[in-house]
Amino acid sequence: MIPFNKPYMTGDELYYIKDAVTRGKISGNGYYTRKCHNFFKENIGFRNCLLTSSCTDALEMAAILVDIKPGDEVIIPSYTFVSTANAFALRGAKIIFADSRSDEPNIDATLLEGLISSKTKAIVVVHYAGVSCDMDTVMHIANEHNLFVVEDAAQAIDSYYKDKPLGTIGHLAAFSFHETKNIISGEGGMLVINDKRFDKRAEIIWEKGTNRSAFFRGEVDKYSWVDVGSSFLPSDVTAAFLYAQLENLKKIQSRRTTLWYTYYEGLKMLESQGLLRLPKIPAYATCNGHLFYIVCEHIEERSQLINYLKDNGVYAVFHYVSLHKSPFYKTVKDSIKLKNCEMFSERLVRLPLYYELHMEDQNKIINLITSFFDKK
Ligand SMILES: *Cc1c(COP(=O)(O)O)cnc(C)c1O
């Protein structure tokens with residue numbers, strides 16, 4: 001069976017973990033945590049960043065930083081992973097779901113204006129598949145209404161919007177290093193802080209509501225409880241693992257984008273025949289090879305395709321049950337209809353894409369999909 005995902009180990013992980021252990025300090029904010037922070041600052045250009053134990057954690061930090069209070073409204077795409085909304089729901093926000101564009105799953109920025117009310121505090125965008133949202137439109141609307149923008153950049157490492165790295169555009173951004181992402185540490189994430197007003201408080205929230213980081217820098221003579229917070233920082237063992245991956249960022253990205261374009265080239269004939277739809281990369285965006293999907297004609301066809309692939313040894317999956325139709329959300333809000341989001345929830349299929357996917361296996365997948373649609 002060709003799996004859907006296979007976490008890629010670069011081979012240097014154990015070396016760095018051993019070194020972290022040998023150094024004798026494996027709690028958070030240690031040697032490798034700082035090495036990772038520096039890597040991101042120097043190689044991607046993040047102004048300030050903090051490793052977290054997950055992207056979910058980073059989103060929760062963002063919700064605390066923008067000071068979400070019960071009753072505040074936060075606009076979020078419905079076509080996303082549950083954490084994007086949950087982090088804000090946890091602070092009592094009312095989630096206002098936005099629809100996707102018709103041509104790709106990203107949020108339809110032209111709908112934002114109509115969703116804003118006097119209670120709106122923030123807009124959360126998700127760069128689905130690592131492909132940028134229409135950020136000029138999003139930032140323009142947010143600035144006009146004085147709203148915060150949080151980028152859920154979980155899938156968007158090393159991807160760009162008009163030459164700007166994703167994660168540097170909103171006030172805050174959250175990345176994931178979960179083993180299903182491009183760069184991994186098992187579980188892991190990062191908060192990127194673009195608005196310097198958040199610098200000090202972010203560090204405090206990260207360190208359980210204390211000013212411990214300032215204490216270690218010698219800025220205060222004792223550390224105390226100064227704000228709310230939690231234990232958002234990962235162990236230095238996790239950071240050591242991550243560092244091994246980061247050193248291989250270029251290699252990993254190059255392999256994954258090659259696989260992405262091989263799917264694209266191999267299937268574009270079917271698209272031109274009108275048999276399926278392929279991902280669209282707008283002119284302002286780049287492809288970071290995070291995930292490859294196809295869009296079927298309807299839900300029955302998708303189920304048939306997934307079963308056909310499974311019968312032939314290929315594991316493909318669908319995802320994102322629309323959040324506005326989830327059991328939890330339904331208890332708090334009358335049903336709404338988001339046409340494009342529901343369309344992608346019903347018709348989108350993700351194909352296997354991982355560093356070690358062999359060319360022969362990928363060709364087999366392309367041939368299977370071609371024969372599935374040829375038979376129709
Ligand atoms: C993976 C993912 C998350 C969650 O990341 P974790 O690190 O598992 O918390 C959040 N949002 C999106 C869009 C994701 O793809």
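Counting starts at 1 for both ligands and their atoms, following the listed order.
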Worksheet item: Between Arg302 and Phe318, is NZ or CZ placed under 6.0 angstrom from the six-membered ring centre and within 45° of the ring axis?
Response: yes
Fill in: Residue selection (non-hydrogen contact nearest atom 2 (C) of ligand 1) among His178, His319, His127, Lys181
Lys181
Discussion item. Using the rule side-chain contact (heavy atoms from CB on, under 4.5 Å), only one of Ile107, Ile123, Val149 pairs with Cys133; which is it?
Written reply: Ile107
Worksheet item: Nearest to atom 7 (O) of ligand 1, what protein heavy atom do you find, and at what distance?
Response: Ser176 OG, 2.7 Å
Practice prompt. Look at atom 11 (N) of ligand 1 and say which protein heavy atom is nearest, naming residue and atom and giving the distance to 0.1 Å.
Written response: Asp152 OD2, 2.8 Å
Fill in: Closest protein heavy atom (residue, atom, distance) for atom 14 (C) of ligand 1
Ala154 CB, 3.3 Å
Worksheet item: Hey, looking at atom 9 (O) of ligand 1, which of Val124, Leu291, Thr56 has the closest heavy atom?
Response: Thr56
Worksheet item: Nearest protein heavy-atom contact for atom 3 (C) of ligand 1: which residue, which atom, what distance?
Response: Phe81 CD2, 3.6 Å
Item to complete: Say whether Cys55, considering both its backbone and side-chain N or O atoms, lies within less than 3.5 Å of an N or O atom on ligand 1.
Response: yes
Worksheet item: Can you find a non-hydrogen atom of Tyr320 under 4.0 Å from ligand 1?
Response: yes
Worksheet item: Counting each atom of ligand 1 from 1 as listed, which ones have a heavy atom of Gly188 under 4.0 Å away?
Response: 7 (O)
Worksheet item: Which atoms of ligand 1 sit under 4.0 Å from any heavy atom of Val126?
Response: 13 (C)
Worksheet item: Quick one: which ligand 1 atoms are inside 4.0 Å of a heavy atom on Ser54?
Response: 7 (O), 9 (O)
Worksheet entry | Worked check of side-chain hydrogen bond (donor to acceptor under 3.5 Å, both in side chains) between Glu151 and His127 | CA-CA 7 Å; Glu151 298 176 69; His127 303 300; 2.7 Å; yes
Worksheet item: Charged N to carboxylate O below 4.0 Å: is that the case for Lys119 and Asp72?
Response: no
Discussion item. I want to check a possible cation-pi pair here: Arg350 against Tyr293, using under 6.0 Å from ring centre and within 45° of the ring axis as the test.
Written reply: no
Worksheet item: When the aromatic ring centroids of Trp206 and Phe232 are compared, is their separation below 6.0 Å?
Response: no
Discussion item. Please verify the inter-ring angle class for Tyr223 with Phe216; under 30° counts as parallel, over 60° as perpendicular, anything in between as tilted.
Written reply: tilted
Worksheet item: Hey, mind stepping through Glu247 and Tyr16 against side-chain hydrogen bond (donor to acceptor under 3.5 Å, both in side chains) and telling me if it holds?
Response: CA-CA 11 Å; Glu247 279 197 327; Tyr16 286 125; 2.8 Å; yes
Discussion item. Can you report which non-hydrogen protein atom sits closest to atom 15 (O) of ligand 1, along with the distance?
Written reply: Gln155 NE2, 2.8 Å
